[in-house]
There are 2 protein chains.
Amino acid sequence: MSKFRLDEVDHQILDMLIDNTRVPFTDIAKKLLISAGTVHVRVKKMEDAGIIMGSSLTLDYEKLGYSFIAYVGVFLNNTSQTKFVLERINEIPFVTVAHVTTGKFNIFCKIRAKDTKHAKDVIFMIDDIDGVYRTETMISLEESINDKKRLMHTIFKNM
Amino acid sequence: MSKFRLDEVDHQILDMLIDNTRVPFTDIAKKLLISAGTVHVRVKKMEDAGIIMGSSLTLDYEKLGYSFIAYVGVFLNNTSQTKFVLERINEIPFVTVAHVTTGKFNIFCKIRAKDTKHAKDVIFMIDDIDGVYRTETMISLEESINDKKRLMHTIFKNM
DNA sequence: CAAAAGAAACACAAATTATCCGATTATAAA
DNA sequence: TTTATAATCGGATAATTTGTGTTTCTTTTG
């Protein structure tokens, strides 16, 4: 909404928190040579501005038994069914990401499953949704880059 | 590595922390009717086991000026170039995710850019990498499901 | 340019929270 | 049952966050 410009200090605070949300404000303060109170105020400001939307854990899904990742492109019979199909897709817990896209597919999603058999079940669930014409699956052999957050916002300054 | 079985309490702790990593252990303890010390040792145990890999902020990239998301499929001249190309791709800050995939593309990645012009620049950067034959872009019109973490691990129990 | 107003940072205090540890209870093995 | 092992508790202590008044810096305005 309102123009909210982050300065160098804000960026560095974000960097440290993106790396580990539980790093004490006192540590951030020490590193940036400011007071812990200032860190507190700035973080609060970024939260209020909606720039920091929340925080979450990074879990090892392999260890949790989910080592299978695939991307599934969805073709619809008709674009008007997009909303309905998305709602059904959202009910499938193993679909972790979904986009409405231009190009080849109407909807494009990412699934995370235990194994190929489980993935097949999930894909069939998507296929079975009313309005889905067919799907096309791409299996991930390796998740090489995961979620490059730090670089994303840092470079913001230059580019 | 070692068999590590999460029980109901672990799951509920994870649920609360996935939702907000800064929720006090004392709050978790109160809600689950256990002591704060127990929460502490259980979280530590999950960290040591590598199930909790870390924590990160969720930022509003729209507010930060990055409202453009696209998926880019990459065709290579030769599969043997995969590693090299991935390294080059990793150097582009706006590529936030990359997978080696089966099917149509050799590499599949997600980019986040400021606008179409900026996205074009990023895609051209990928195109210009040695060994990249051509790319195919899918533009996201809407990020409908973002990163459904809670459901993922909760359902683990049943399915 | 100087004065005044507004915003940001600081230092410190108070409140909250994490962490540690011995005692106790629960669970599993012999 | 007895013993060994692991988990939990509860409270003491250390660390951290959060609020407050004051000071410093910036910006605006006359």
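Throughout, protein chains are lettered first and strands after them, A, B, ... in sequence-line order, and every chain is numbered starting at 1. Basis for what follows: all heavy atoms, side chains included, without hydrogens, waters or symmetry-related copies.
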Exercise for review: Write down the atom of Cys109(B), the atom of Val97(B), and the distance for their closest heavy-atom approach.
Suggested key: CB-O, 2.9 Å
Check your understanding: Hey, mind stepping through Ile69(A) and Ile111(A) against side-chain contact (heavy atoms from CB on, under 4.5 Å) and telling me if it holds?
Key -> CA-CA 6 Å; Ile69(A) 297 174; Ile111(A) 69 171; over 6 Å; no
**Study point:** Whole-Å distance separating the NZ atom of Lys31(B) from the C1' atom of dT17(C)
**Key:** 19 Å
Exercise for review: Remember a base hit wins even if backbone is also touched, and classify Thr26(B) as base, sugar-phosphate or nothing at under 4.0 Å, heavy atoms.
Suggested key: sugar-phosphate
Kindly assign one of parallel, tilted or perpendicular to the pair [X] and [Y], based on the angle between their ring planes and the thresholds 30° and 60°.
X	Y	value
Phe75(B)	Tyr133(B)	perpendicular
Tyr71(B)	Phe108(B)	parallel
Tyr66(A)	His118(A)	tilted

**Study point:** Residue pair Val95(B) / Asn90(B), side-chain heavy-atom distance below 4.5 Å
**Key:** no
Check your understanding: More 5' along DNA chain D: Lys44(A) or Pro24(A), using each one's nearest nucleotide?
Key -> Pro24(A)
Review point. Got a sec, which residues hit side-chain hydrogen bond (donor to acceptor under 3.5 Å, both in side chains) with Thr82(B), two or more places apart in sequence or on another chain?
Key: none
Practice item. Ignoring backbone atoms, establish whether Ser35(A) has a side-chain N or O less than 4.0 Å from OP1 or OP2 of dC10(C). Key: yes
Review point. Does a nitrogen or oxygen in the side chain of His40(B) sit under 4.0 Å from OP1 or OP2 of dA18(C)?
Key: no
Point to revise | Outermost nucleotides of DNA chain D that come under 4.0 Å of a non-hydrogen atom of chain B | key: dA7(D) to dT17(D)
Point to revise | Angle between terminal axes - the helix from dC1(C)-dG30(D) to dA30(C)-dT1(D), 5 pairs each end, rounded to 10° | key: 40°
Practice item. Report yes or no: does Lys148(B) contribute a side-chain atom to a donor-acceptor pair with the main-chain N or O of Ile92(A) at less than 3.5 Å? Key: yes
